[in-house]
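Since this is a predicted model, take the numbers as computed values, not measurements. Below, read A as the first sequence line, B as the second, and so on, with proteins coming before strands; counting in each chain starts at 1.
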Amino acid sequence: MKEKVFAFLKTVPYGKVVTYGRIAEVVGNKKAARAVGNIIHTNRDFFGVPCYKVVSSKGKLSASYAGGGIEAQKERLESEGIEVIAYKVDLKKYGS
DNA sequence: TAGATGACTCACA
DNA sequence: ATGTGAGCCATCT
């Protein structure tokens, strides 16, 4: 299960983000967004998985990003050309 | 080993 | 528009 989450995360193209719901849907259960969040949270191999590309259904960034917090996550997204406003991204443009 | 919790989301009152 | 309840899976206590 988590393997699928990581796999999908790796397929996320540069400059794009995905929502928990989206991942849950791809992984199999649309209602498993919560589980997805947990999987990514406890992800030790986050250097191989762009978990900073994962945002809430409204484009809001994660509350506790393992790589240094929500601010670090914002920086990372901006580094990919993603416009982050008030810790939120435009899913209309960057959502997959 | 079993029960509770959590980086979430959606539906209904 | 705001608030509550349900459903998933991995980890923690």
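Rounded to whole Å, the distance from NZ on A/K4 to P on C/dC8 is 16 Å. The separation between A/R22 atom CZ and B/dA7 atom C1' is 19 Å, rounded to whole Å. At whole-Å resolution of the value, NZ in A/K53 and P in B/dC8 are 20 Å apart. In this structure, NZ of A/K2 is placed 8 Å from C1' of C/dA10, rounded to the nearest angstrom. For A/F6 and C/dC9, the CZ to C1' distance is 12 Å, given to the nearest whole Å. Between the OH atom of A/Y20 and the P atom of C/dA10 there is a distance of 16 Å, given to the nearest Å. Between the C1' atom of C/dC9 and the CD1 atom of A/I23 lies a distance of 14 Å, rounded to the nearest Å.
You'll find that the side chain of A/R34 is closest to C/dC8, out of C/dA10, B/dT9, C/dC8. Here the side chain of A/I39 is nearest to one of B/dT9, C/dA10, C/dC8, namely C/dA10. In the set B/dC8, C/dT11, B/dA7, the nucleotide with an atom closest to the side chain of A/A33 is B/dC8. Side chain of A/S57, nearest nucleotide from B/dC8, C/dA10, B/dC10: B/dC10.
Taking the side chain as every heavy atom from C-beta outward, A/S79 and A/Y52 never approach each other to under 4.5 Å. At least one side-chain heavy atom of A/I40 sits under 4.5 Å from a side-chain heavy atom of A/I23.
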Would A/Y20 and A/S62 count as a side chain to side chain donor-acceptor pair (under 3.5 Å) here? Give the steps.
CA-CA 10 Å; A/Y20 289 97; A/S62 305; 2.8 Å; yes

Is there a salt bridge (Lys or Arg N to Asp or Glu O under 4.0 Å) between A/E71 and A/K74? Walk through the geometry before answering.
CA-CA 5 Å; A/E71 294 188 31; A/K74 181 173 78 93; over 6 Å; no

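Take the nearest nucleotide of DNA chain C for A/M1 and for A/K31: the residue whose nucleotide is more 5' is A/K31. Summary of the strand contacts: A/K30 and A/A35 both lie near DNA chain B, and taking for each the nucleotide with the nearest heavy atom, the more 5' one is attributed to A/A35.
Other residues, nucleotides and ligands contribute over 12 non-hydrogen atoms within 6.0 Å of the NZ atom of A/K60.
Residue side chain A/S62 reaches the base of B/dA7 through a donor-acceptor N/O pair under 3.5 Å, judged by distance alone.
For C/dC9, one of the phosphate oxygens OP1 or OP2 lies less than 4.0 angstrom from a side-chain nitrogen or oxygen of A/N29.
A salt bridge links A/K53 with A/E80: the distance from a Lys NZ or Arg NE/NH1/NH2 to an Asp or Glu carboxylate oxygen falls below 4.0 Å.
Spacing of C1' atoms, B/dA7 relative to C/dG3, comes out at 22 Å, to the nearest Å.
For the segment residues 78-96 of chain A, no residue has any heavy atom less than 4.0 angstrom from an atom of DNA chain C.
In terms of modelled atom types and a separation under 3.5 Å, the side chain of A/Y94 and the main chain of A/E83 share a donor-acceptor contact.
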